Every structure is written in C-alpha cells, then in structure tokens.
Undergrad: 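Please read through the structure below; I'll follow up with questions.
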Amino acid sequence: MKRAALHNLGCKVNAYETQAMQQLLEQAGYEIVEFHEKADVYVINTCSVTNIADRKSRQMLHRARRQNPQAIIVAAGCYVQAKAPDVLEDGIADIILGNNKKEHLMVMLEEYQRRHTPVTDMEDINAGKQSYERLFISRTAEHTRAFVKIQDGCNQFCSYCVIPYARGRVRSRLSSDILKEVQSLARSGCKEVVLTGIHLSSYGTDFKEKEFGSNLAADDAGAKDLYIGRQPGFHLLQLISQIHKVAGICRIRLGSLEPGIITREFVSTLAGMEKICPHFHLSLQSGCDTVLKRMNRKYNSGQYEQKCQILREYFSNPAITTDVIVGFPQETEEEFLQTKRFLEQIHFYEMHIFKYSKREGTKAAAMDGQIPEPVKTARSAQLIALGEQMSAQYREQFIGAEKSVLLEEDFVYDGRRYETGYTKEYLKIAVASDQKRSNCVVRGKITGYLTQDIYLMVEF
C-alpha cells in the first residue's frame, strides 16, 4: 500500500480542502501517515495571505523533498496560484494544482506516474466566473466538529489583500450539495458544523434567478417570492435554516462574517435557531475611519459598532472575535491610538493581530508611507496585550454560569484525568472524569479555572 502525507497551511477553507484531498487519496487505496513520516506522496496545501505564509509554504515543500527525495511532491493552493512562476522555476514540486483544481489530484497523480515529468493543472482564475469546485467530505478527523466549505472567491478587493487574485471571483455551492455533505457528516457522528468560505457573507450573491430556484429545498419553494439581493444574507439564512433541520447536528457555527451582513432581520432569524452558536467572528481590520478608507473596507467604525450592538441585543453575551491589521501604510500614531481606543470600546472576546504584510500586486503595496517593521512590531505588541486583557475579562463573566459542553478529548493535568470540550461560545471547559465520552454533550456549572485558558466545570 502506498503512503501519503498531507500538510495544511492557512485558513479553514484550506483545512476543508486538505481533508477532501485526503479522502480522495484514501479512496484510491493510500495509507495516510503523519507528515514527518516517510511517504510516497506529500501534498502541501499552501497559503499566501502574508509573506510569512509564503515562506512557510516554501519551507514545507523543501521539507517534504528532504524527507523522501524519491517521493512525489504536490503543491496546491494560494501560494501556488499567486506565485506559479517561482514554484515552477524552483522545481520543488512534481505536481502543481492551482485553486479550483484540487479535485483533479488523483488524475494528476496518474499523469505524473505515467510521464515521470512535472505536471501542472492551473488556469487564470481571474478570467471570468469560474465554476464551483466539486470537493466533498464524508467524515472529519476531529469527529466532533467539521468545517463545511460553502463558498469560494471574493469580490471585495481590499487594498492590502492578494486573496481575490489567488482565489478568483465569488462562486457559491448549491445547497443541495451542502446538505448531502452535512447529512453524511451527521451519519458519521459529527455533531457540529462550521460553515466556512473565502467570503462567507457573499454566499449566494452569484446565483441567477434560475439557479436560485434550483437551489431551494422542496419545502422552501415559497422563498422564491422573496427573490434575493433585497436583504443581506438571504441565501445564507436559507441555507442555515435547511442545515438546522438535519438530525444529529446539534451545533452550527459560522465562519468569518463581514459587518454588512449583520442586520436586525439577519440576526433575529439566527437568534430563533437553537443550534446557532453565539460566536461571531466579525472582521474589522482597523478602528480608524481614515485607515478603513485606505483599506477599501466597505464600512466605518460607527457602522461596525452598530453591528456589534445588534448581536448583543439578540444574543446574551455573545463571543465576538475579530482581525486587526497594524502598521498599514501611512498609519500615524494617532490613527493607531484611535484603533486601540475603538477596540477597548467594543471589548472583544478574542482578537487576531496581524502586522501589515506587503503583497505585490495590491494597491497598498504601491502606497507611500510604508511603516517600518519595528513600529509595526511595537504596535502589534500593544494590541496583543490588550487582547489578552479583554479575553480574560470576557471569560471571567462565565464563572458560576451553567453551560453545555461538547466533549472532544482526554486531558491529564496534575495527575488527574479530565475530558475537555467547548461551549457554544467556544470557551474551553474541563470536566473531571474517568469516562470516555468524546462527541457527547454534557451540562454543568463553571466553577473556576483549571489552567489560565481552561475552565473547570462541575457536571450535573
């Protein structure tokens, strides 16, 4: 039996695609091994969101070659799509799969084995609208939680971001395909699905009226009268309502959302679905309006604050998380301090802080006023410290609360065995136990902390 190893870099969409490629290999008879082991085929699903991601992608490709010089090295994903000439000239991969081509993995492996010369499957992903890539997973390695990709591509063209050039335009997956996948995952025992996409808030905006009609479940035919585009998030809500009916799925978690999709209609509908997790990643990037304008973001700080207020109006103490970029071109000290004050005002559960990374081909890369690296590092450190402080304050509010936890794995601490899992807010909980109940939901009272980041809960 041939052996294959896979390594994923980057976002949840990449994680889904890597798992789908793994299942293609398994179906073809490959034994899947850890990436550090010797394998006949190494698949690296690359990322290009930052310069660091580029470097890590190259490092993993070279590492695979060192581990087994005779192995077939497959480079796939965003770094490959954005930097194809570099990958080809470097000769570090035998098979190159651009975005929207990962479904062809087995075909390209067969072609390489027949020709024994490097092969490439790539197209200009920005040359018009592409079809949605047909990838599918039937189970998940985590058993309890599965990422489900429902959308690809982005039309936003934020001035700092290379992803629209690497992923192409918005293309949405038909709900009939998504439901088949979710039903299959439920049958395999999965209890939580995380809906993800490159620009999740754009789900369905590319459907034409004919496609929209065919995308509806039979019992949702009347929704065509509401035809889309009139309300942000309409297609996404239709999809969520269908997933909500799938037996066995007890939690639906949403990936990163744009502020524009957050309306009272959208949020009130979500609040009426008991399976929805009150955990919302609402992309911000900057709390300063002049910086947001240079970034080509489609909102200002006041509008963003209103969206957070709506979420908190309909959900009790929801976990709101975000992304922030520091050191964007021309960012003054006062603009940075405006962002810092805004973050304190909103008070997030968690923040992902990124130093601006210059991406060739984007508008921001050509802007004057690039910020020196030491300044970006200092500003980043301030926001990371603020994020840790706000996270601790948010988590402190749950001491004494009663919560349900989806157990995932065993954990031994100070000689005692626990089972750990997450609440709907994505708070990590430990329950003292000698049982093995992975993928079971238990309820109890949070009494304090086991470690700095893990609560201790007494089970009812």
Side-chain angles (χ1 to χ4, degrees), residues 9-14 45-58 75-89 98-100 122-130 151-171 197-202 256-260 283-300 304 322-332 335-336 339 352-373 375-377 379-380 383:
L9 295 112
C11 64
K12 293 179 177 65
V13 171
N14 264 21
N45 199 11
T46 63
C47 178
S48 191
V49 71
T50 64
N51 289 325
I52 293 175
D54 281 355
R55 185 167 68 249
K56 286 182 177 179
S57 296
R58 291 192 299 270
C78 289
Y79 173 68
V80 170
Q81 188 74 44
K83 306 283 187 177
D86 295 345
V87 180
L88 289 167
E89 289 174 13
N99 280 327
N100 236 35
M122 186 179 295
E123 63 186 349
D124 183 355
I125 204 163
N126 291 288
K129 181 182 177 181
Q130 307 292 321
Q151 177 275 338
D152 207 337
C154 181
N155 298 347
Q156 298 299 296
F157 288 94
C158 298
S159 63
Y160 54 83
C161 187
V162 74
I163 297 305
Y165 305 100
R167 283 279 180 175
R169 304 293 74 74
V170 167
R171 48 202 185 276
I198 295 300
H199 195 260
L200 191 65
S201 299
S202 292
S256 181
L257 297 173
E258 288 291 316
S283 183
L284 174 62
Q285 308 306 355
S286 175
C288 174
D289 290 344
T290 51
V291 176
L292 287 172
K293 187 174 182 179
R294 293 201 298 276
M295 288 179 167
N296 195 33
R297 300 293 287 174
K298 307 302 190 291
Y299 53 84
N300 59 41
Y304 186 97
T322 199
D323 299 318
V324 181
I325 296 173
V326 298
F328 189 74
Q330 303 171 24
E331 182 185 65
T332 65
E335 287 177 326
F336 166 71
T339 289
H352 301 152
I353 309 300
F354 300 92
K355 292 186 289 185
Y356 167 72
S357 181
K358 188 175 181 180
R359 313 306 289 140
E360 295 301 329
T362 63
K363 289 185 177 181
M367 289 181 179
D368 294 331
Q370 299 289 325
I371 305 299
E373 196 64 27
V375 175
K376 288 191 283 188
T377 299
R379 292 176 180 175
S380 174
L383 297 192

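Fair warning: this is a prediction, and the values are worked out from it, not measured in the lab. For the single chain, residues carry numbers from 1 onward in sequence order.
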Undergrad: According to side chain to side chain contact (heavy atoms under 4.5 Å, CB included), who are the partners of Ile371, at least two apart in sequence or on a separate chain?
TA: Val375, Lys376, Arg379

Undergrad: Please name all residues satisfying salt bridge (Lys or Arg N to Asp or Glu O under 4.0 Å) with Lys355, sequence neighbours left out, ordered by chain then number.
TA: Glu373

Undergrad: Would you mind telling me which of Val49, Asn45, Thr50 makes a side chain to side chain contact (heavy atoms under 4.5 Å, CB included) with Cys47?
TA: Val49

Undergrad: Output, in order, the C-alpha distance, side-chain angles, deciding distance and verdict of side-chain contact (heavy atoms from CB on, under 4.5 Å) for Ile125 and Gln81.
TA: CA-CA 8 Å; Ile125 204 163; Gln81 188 74 44; 4.0 Å; yes

Undergrad: Side-chain contact, heavy-atom cut-off 4.5 Å: Cys11 with Asn14?
TA: yes

Undergrad: Is it true that Ser357 and Asn51 share a donor-acceptor pair across their side chains at a distance under 3.5 Å?
TA: yes

Undergrad: Within a strict 4.5 Å, meaning less than it, do heavy atoms of the Arg167 and Cys78 side chains meet?
TA: yes

Undergrad: After noting the C-alpha distance and the side-chain angles of Lys83 and Thr46, does the key distance pass the side-chain contact (heavy atoms from CB on, under 4.5 Å) rule?
TA: CA-CA 11 Å; Lys83 306 283 187 177; Thr46 63; over 6 Å; no

Undergrad: Can you name the ring pair (Phe, Tyr, Trp, His ring centres under 6.0 Å) partners of Phe328, sequence neighbours left out?
TA: Tyr356

Undergrad: Has the side chain of Ser159 got a donor or acceptor atom that lies under 3.5 Å from a matching backbone atom of Arg294?
TA: yes

Undergrad: Quick check on Lys293: does its NZ atom have over 12 non-hydrogen neighbours (other residues, nucleotides or ligands) under 6.0 Å away?
TA: no

Undergrad: Glu258: which residues meet the side chain to side chain donor-acceptor pair (under 3.5 Å) condition with it, sequence neighbours left out?
TA: Arg297

Undergrad: Checking side-chain polar atoms at under 3.5 Å, does Glu335 have a donor or acceptor matched by the opposite partner on Thr290?
TA: yes

Undergrad: So, applying side chain to side chain contact (heavy atoms under 4.5 Å, CB included) with Cys288, which one of Asn300, Thr332, Thr339 is it?
TA: Thr339

Undergrad: Could you pull out all residues at least two apart from Thr322 that satisfy side chain to side chain donor-acceptor pair (under 3.5 Å)?
TA: Tyr304

Undergrad: Could you work out, with salt bridge (Lys or Arg N to Asp or Glu O under 4.0 Å) as the rule, every residue matching Arg169, not counting sequence neighbours?
TA: none

Undergrad: Enumerate the residue pairs fulfilling salt bridge (Lys or Arg N to Asp or Glu O under 4.0 Å) with a member in residues 45-54, sequence neighbours excluded, ordered by first and then second residue.
TA: Asp54-Arg359

Undergrad: Compare every heavy atom of Ile198 with every heavy atom of Val13, then report the nearest pair and how far apart it is.
TA: CG2-N, 3.7 Å

Undergrad: How would you list, by chain and number, every residue that makes a side chain to side chain donor-acceptor pair (under 3.5 Å) with Asp323, sequence neighbours excluded?
TA: His281, His352

Undergrad: For Tyr165, check ring pair (Phe, Tyr, Trp, His ring centres under 6.0 Å) against everything at least two apart and list the hits.
TA: Phe157

Undergrad: List the atom of Val326, the atom of Phe336, and the distance in Å for their closest heavy-atom pair.
TA: CG1-CE1, 4.3 Å

Undergrad: My understanding is that only residues two or more places apart in sequence, or in another chain, count here; which of them pass side chain to side chain donor-acceptor pair (under 3.5 Å) with Gln285?
TA: Ser283

